[in-house]
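Worksheet: one structure, shown below.
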Amino acid sequence: MMKNKFPFFIQLFLLLILLTGCGDRHNKAIDTSYAIVNDHPDSSLTKLNHINKHRLATKELARFALVYTIAQDKSGIDVGNDSLLRIAYTYYNIRPDNSLYAKCEYYMGKYYMLNDSTELASICLQKAADSAEKQGDKYTLCLALEKLSKVIRQTNPLKAVEVASLAEKTYVSLPNASLYNIIYSKLNVCEALLFADSLQRAGKKSEEALAIAIKLKDPNVLSDVYQDMSAIERQRQNYSKSLYFAKASFNSCSSFDISKALNLATAYLDADSLSSCNTLLNSIHTDNAEYKYIIFNVRHLASIKEHDYNGARNNADSAYYYLEQMYGKQLSSKQVYYNSLVKSKYERGIAKGETRLLSWLIVVTIIFAITIIALILYSYNQYKAKARIKLQAENEKLLQEEKIHNEEMHHKEIQLSTMRNFILKRIDTAQKIQELRGNRTNSVLLTEEDWEEIRFFVDSVEGNFVTKLQNNFPDLSEDDIRFMMLVRLKMPTKALALIYGISEKSIKQKLFVYKTKVGINGEKISLRTFIEAF
């Protein structure tokens, strides 16, 4: 009997040695992955993918989950699912003295930040910052403070400035601080100052970042700095400077960047360069709903400035359509998130044999999810209602502006017609007097007083027409100016011939010659068309 059992014990002993050996290899693999994760995240991920995580103990599984999350983050992969990270968080969250506690809280905070859980994100990031400071881990401290400043910008802008400034100060003090990161830490402070309306301080901080970026000679970094400087000048309502920096940002970028292009288009709009604005918008091709909304919103505002009210309405409708798409996508993402959360909790409960407790958890989670979705739908419907009211108010305003504009044009045309009839009546009267006297001269004399009255009328009604004409064409003589005034009043060729005492053919020749004096010689446009539109 003992002889039969002996081989069994030998096999069991060998199996235990084998399992212990596997565990050691896993521990070493995790250690190696953690050691290289900052400099070689892709290699770290490759090593971790060869580990059988199902054979790890709880502590090692938590380390595996955290290091895997760090490697993903360093590789540029945003973690949209917390199933793996949650394992690390469950373990480290109740162990604040653990050396990996601060990092775990930081990545959990970043996860909540990506999923719009602002309150939970700020709690985790604050814990990460406090723990990192206590442990002397300045690098993690900088990361946590930088993310925390972004989370609280809108709710507590002054606190955000304080936190962002501390992140910058801490990072600059590091012995191997990267110039890239120094620049972006300064830009983070600059953006926090913008939310706090500290424009002067924001300007100085952006200039500090620019000085370093110029030395660095990286076009994309320079582009980002110029974009922030453009935002500062726009908030100052210095639209010419904002346009200057927006152009510098767009031109500095090594490749076409839609966000930089939209920033430049907005700057063109603010500076009333509507043609350049529309040209740039026409060059942007994207299927992104957020970018589409911005494009049509800018077009809407540009149409209003151009008094193109039909275009403004159409662009507003398009902007509203893509706004609905944006909110619909966010709502769908939230639904997917809660479904995945319920599924992961259920599978974990089945694995542990806790189906009864899990049933309650599923019910609570579903109720919570329904509540959140109901709140989102309510907020969305409220926003839609406000947007609809705002759009209706804008349409009414546009109609009112259009009505006022039409009335002004009608009034202006009446005034022009009155002056034109006045001059024509004087010509008819003069002709009759000459015929009675037997004077057959083909000219009508306008006195200096008449010319002054015409000049005053044209300048008043036609938006300083004479003044603008003199400023744009200083070589025009007084006689030239008077002739242009009569053309602006739409005087017929016959009337002009009587005033100048020449034939209608000569007047037509005169109209052609005057094209040279205003710089449109060789163009198909007539002098009358040019002057009436001037």
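Values in this document were obtained by computation on a predicted structure and should not be read as measured data. Heavy atoms only: backbone and side chains are in, while hydrogens, waters and symmetry mates are out.
Taking the six-membered ring where tryptophan is involved, the planes of Tyr226 and Phe245 are essentially parallel, since the angle between them stays under 30° and well short of 60°. The aromatic rings of Phe64 and Tyr68 lie tilted to each other, with the angle between the two planes from 30° to 60°.
At a threshold of 4.5 Å between non-hydrogen side-chain atoms, the residues Asp317 and Asn315 do not count as touching. You'll find the side chain of Ser318 stays beyond 4.5 Å of the side chain of Asn314, heavy atoms only. In this structure, Ile30 and Ile51 have side chains that are in contact, with non-hydrogen atoms separated by less than 4.5 Å. Side-chain contact check for Lys247 versus Tyr268: some heavy-atom pair is nearer than 4.5 Å. Contact of the Glu168 side chain with the Val172 side chain is registered, since non-hydrogen atoms from C-beta on lie closer than 4.5 Å. At least one side-chain heavy atom of Ile212 sits under 4.5 Å from a side-chain heavy atom of Lys186. Under the 4.5 Å side-chain criterion, counting only non-hydrogen atoms from C-beta, Asp73 is not in contact with Thr69. Side-chain contact check for Leu84 versus Ile87: some heavy-atom pair is nearer than 4.5 Å.
Proximity of a side-chain donor or acceptor of Ser185 to a complementary backbone N or O of Ile182 within less than 3.5 Å is detected. In this structure a side-chain-to-backbone donor-acceptor pair under 3.5 Å is present from Ser44 to Ser33. Between the side chain of Lys305 and the backbone N or O of Leu269, at least one donor-acceptor pair lies under 3.5 Å. The backbone N or O of Leu199 sits less than 3.5 Å from a side-chain atom of Arg236, completing a donor-acceptor pair. Of the possible polar contacts, one joining the Tyr171 side chain to the Ser178 backbone as a donor-acceptor pair under 3.5 Å is found. In terms of modelled atom types and a separation under 3.5 Å, the side chain of Ser75 and the main chain of Ala71 share a donor-acceptor contact. Here the side chain of Asn297 pairs no donor or acceptor atom with the backbone of Tyr293 at under 3.5 angstrom.
Taking each heavy atom of Ala246 and Ala267 in turn, the nearest pair found is CB-CB, 3.7 Å. Between Asn98 and Gln135, the shortest heavy-atom contact is O-NE2, 3.1 Å. Closest non-hydrogen pair, Asn288 versus Tyr291, comes out as OD1-N, 3.0 Å. When every heavy atom of Val161 is checked against every heavy atom of Ala192, the shortest pair comes out as CG2-O, 3.5 Å. Scanning both residues, Asn220 and Cys253, for their nearest heavy atoms gives OD1-SG, 3.6 Å. The shortest heavy-atom contact between Ala302 and Leu274 is O-CD1, 4.0 Å.
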*Trace of the side-chain contact (heavy atoms from CB on, under 4.5 Å) decision for Glu105 with Tyr89*: CA-CA 7 Å; Glu105 291 291 337; Tyr89 183 70; 3.6 Å; yes
*So Glu306 and Asn278, side-chain contact (heavy atoms from CB on, under 4.5 Å) or not? Walk me through it.*
CA-CA 11 Å; Glu306 291 176 325; Asn278 286 320; 3.7 Å; yes
*Evaluate the criterion side-chain contact (heavy atoms from CB on, under 4.5 Å) for residue pair Gln227 and Ser259; output intermediate values, then yes/no.*
CA-CA 10 Å; Gln227 187 173 28; Ser259 66; 4.3 Å; yes
*Assess whether side chain to side chain donor-acceptor pair (under 3.5 Å) is satisfied between Ser242 and Asp270, documenting all intermediate values.*
CA-CA 9 Å; Ser242 176; Asp270 292 335; 5.3 Å; no
_Worked check of side-chain contact (heavy atoms from CB on, under 4.5 Å) between Leu66 and Met108_ = CA-CA 10 Å; Leu66 180 58; Met108 201 68 205; over 6 Å; no
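Distance CD1/Ile232 to CG/Leu193: 8.5 Å, rounded to 0.5 Å. Put simply, NE2 on His285 and CD1 on Ile295 are 9.5 Å apart, with the number rounded to the nearest 0.5 Å. Between Tyr101 atom OH and Ser131 atom OG the span is 6.5 Å, to the nearest 0.5 Å. To the nearest 0.5 Å, atom OG1 of residue Thr90 and atom CZ of residue Arg95 are 10.0 Å apart. With rounding to the nearest 0.5 angstrom, the OG1 atom of Thr118 is 9.0 Å from the CE atom of Met113. Taking SG of Cys104 as the start and CZ of Arg63 as the end, the distance is 13.0 Å to the nearest 0.5 Å.
Asn93 and Arg86 are not linked by any side-chain donor-acceptor pair at a separation below 3.5 angstrom, with hydrogens and angles left out of the test. In this model, a donor atom of one side chain and an acceptor atom of the other lie less than 3.5 Å apart for Lys260 and Ser223. Counting only N and O atoms by type, the side chains of Ser240 and Asn238 include a donor and acceptor under 3.5 Å apart. Asp197 and Gln235 are linked by a side-chain donor-acceptor pair at a separation below 3.5 angstrom, with hydrogens and angles left out of the test.
Applying the 6.0 Å contact sphere to CD of Glu208 captures more than 12 heavy atoms from other residues, nucleotides or ligands. Other residues, nucleotides and ligands contribute more than 12 heavy atoms inside 6.0 Å of the OH atom of Tyr239. Arg313 CZ: more than 12 foreign heavy atoms inside a 6.0 Å radius. The number of heavy atoms from other shown groups lying within 6.0 Å of NZ (Lys74) is above 12.
Electrostatic pairing of Glu207 and Lys204 does not count as a salt bridge here, judged by no charged N lying under 4.0 Å from a carboxylate O. With respect to Lys150 and Glu146, a salt bridge is recorded, a charged nitrogen being found less than 4.0 Å from a carboxylate O.
Taking the ring pair (Phe, Tyr, Trp, His ring centres under 6.0 Å) definition, one finds that Tyr184 meets it with nothing, sequence neighbours left out. Residues meeting the side-chain contact (heavy atoms from CB on, under 4.5 Å) test with Ala213, sequence neighbours left out: Ile183, Val221, Leu222, Val225.
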